Amino acid sequence: MADMVNKQIIIFKDIDDITDYVVRKWTEIAEKTVNEKGFFSVAISGGKTPATLFQKLAKEKKLPWNRTHVFMVDERFVPYQDEHNNYRMINELLLRHVNIPAKNIHPISTIVESPQASALKYEKELNSFFRSRPGFDLVLLGIGEDGHTASLFPRTPSLKEKKHSAIAVPPSGTIMSERITMTFPVIDNAENIMFMAEGPGKSGVIREVIENEKSRLPAALVRPGEGSLFYLLDEAAASLLSKK
Ligand code: 6PG
């Protein structure tokens, strides 16, 4: 069957150009959705790649922050003070610099008794915010060199999760800490899904994810229903693609 996914692959000179593009798209989607339904919902990933984006967004004071709801795609089950806490990074680089009400920020709790309890709590929050199946206006994703995205790792049961919106992921292999992650049904139900990838270390996995239709790598399993899928790559990450 032909690939019906609305997929766009855009290659930029560097991360600076990628993030300029994402700021423009974020602005466009936020303004449109606030006009149409009164709010804009976005889920953001951790990792190093989005740091520049968060710093740029922090300067966009005119965005409709009071109508923007920020959720986390995933989180490491470590305290806020830990340098690996995703919410800490997003808060320090972006959220505390803009006029967003506290009630619009939806971190994944790491102060409950277990990652499982945290996942359940987050699932309840997602379900009550969206009142039905969570459907984000925008989901920002990264890709690991092993093909993981969010905290959905290769060959783990998390890839088959269909029922829950958020699940706990135990440590294994290269995953050092326990994590909580959104699942494919939530990611795939978004209007816009944007992968950002930079650097030569990602070139192999990018080729596999984009060009191998049979790939079982988690990043390759992201399949938006009605929404649009963007791969925003710098030249180094795109360097092994056969068609450019
Ligand atoms: C996280 C993520 C994860 C990340 C990739 C890419 O919290 O770590 O959500 O999926 O996006 O590992 O990470 P880099 O941007 O650091 O390459």
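Atoms within each ligand, like the ligands themselves, are counted from 1 in listed order. These numbers were taken from a predicted model, which means no experiment stands behind them.
- Numbered from 1 in the order shown, with element, the atoms of ligand 1 that lie under 4.0 Å from a heavy atom of Arg76 read 1 (C), 7 (O), 8 (O).
- In this structure, Tyr21 and Phe230 have tilted ring planes: the angle between them lies in the 30° to 60° band.
- With a 4.0 Å heavy-atom cut-off, ligand 1 is reached by the backbone of Thr49 and by its side chain too.
- No hydrogens or angles considered: nothing links the side chains of Glu60 and Thr27 as a donor-acceptor pair under 3.5 Å.
- Contact between Thr68 and Ile100 at its shortest, heavy atoms only, is O-CD1, 3.5 Å.
- Within the structure, ligand 1 has Ile143 among the residues with a heavy atom less than 4.0 angstrom away.
- The protein atom (non-hydrogen) at minimum distance from atom 2 (C) of ligand 1 is Asp74 OD2, 3.3 Å.
- The closest approach between a heavy atom of Lys202 and any atom of ligand 1 is below 4.0 Å.
- Among Met72, Glu75, Lys48, Glu145, the residue whose heavy atom lies nearest to atom 14 (P) of ligand 1 is Lys48.
- Between Tyr231 and Phe195, the angle of the ring planes stays under 30°, which puts this pair in the parallel group of the 30/60° scheme.
- Put simply, no part of Glu198 is less than 4.0 Å from ligand 1, judged by heavy atoms.
- Under a 4.0 Å criterion applied to the non-hydrogen atoms of Gly142, ligand 1 contributes the atoms 11 (O).
- Classification of the Phe71-His106 ring pair by plane angle, with boundaries at 30° and 60°, yields parallel.
- Near Gly46, the atoms of ligand 1 lying under 4.0 angstrom from a non-hydrogen atom of the residue are 1 (C), 7 (O), 9 (O), 11 (O).
- Taking every non-hydrogen atom of Ser45 and a distance limit under 4.0 Å, the qualifying atoms of ligand 1 come out as 9 (O).
- Of all the heavy atoms of His148, the ones lying under 4.0 Å from any atom of ligand 1 belong exclusively to the side chain.
- Leu57 approaches Trp65 most closely through the heavy-atom pair O-CZ2, 3.7 Å.
- Here Leu141 has no heavy atoms under 4.0 Å from ligand 1, in either its backbone or its side chain.
- The heavy atom nearest to atom 13 (O) of ligand 1, considering only Ala150, Gly201, Gly47, Ala237, is found in Gly47.
- At a cut-off of 3.5 Å, with distance as the only test, a side-chain donor of Arg76 or Asn86 sits close to an acceptor on the other residue.
- Checked for salt-bridge contact, Arg88 and Asp82 miss the test: no charged N lies under 4.0 Å from a carboxylate O.
- The nearest heavy-atom contact from the protein to atom 7 (O) of ligand 1 is Asn86 ND2, 2.8 Å.
- Taking CD of Glu28 as the start and CG of Leu138 as the end, the distance is 11.0 Å to the nearest 0.5 Å.
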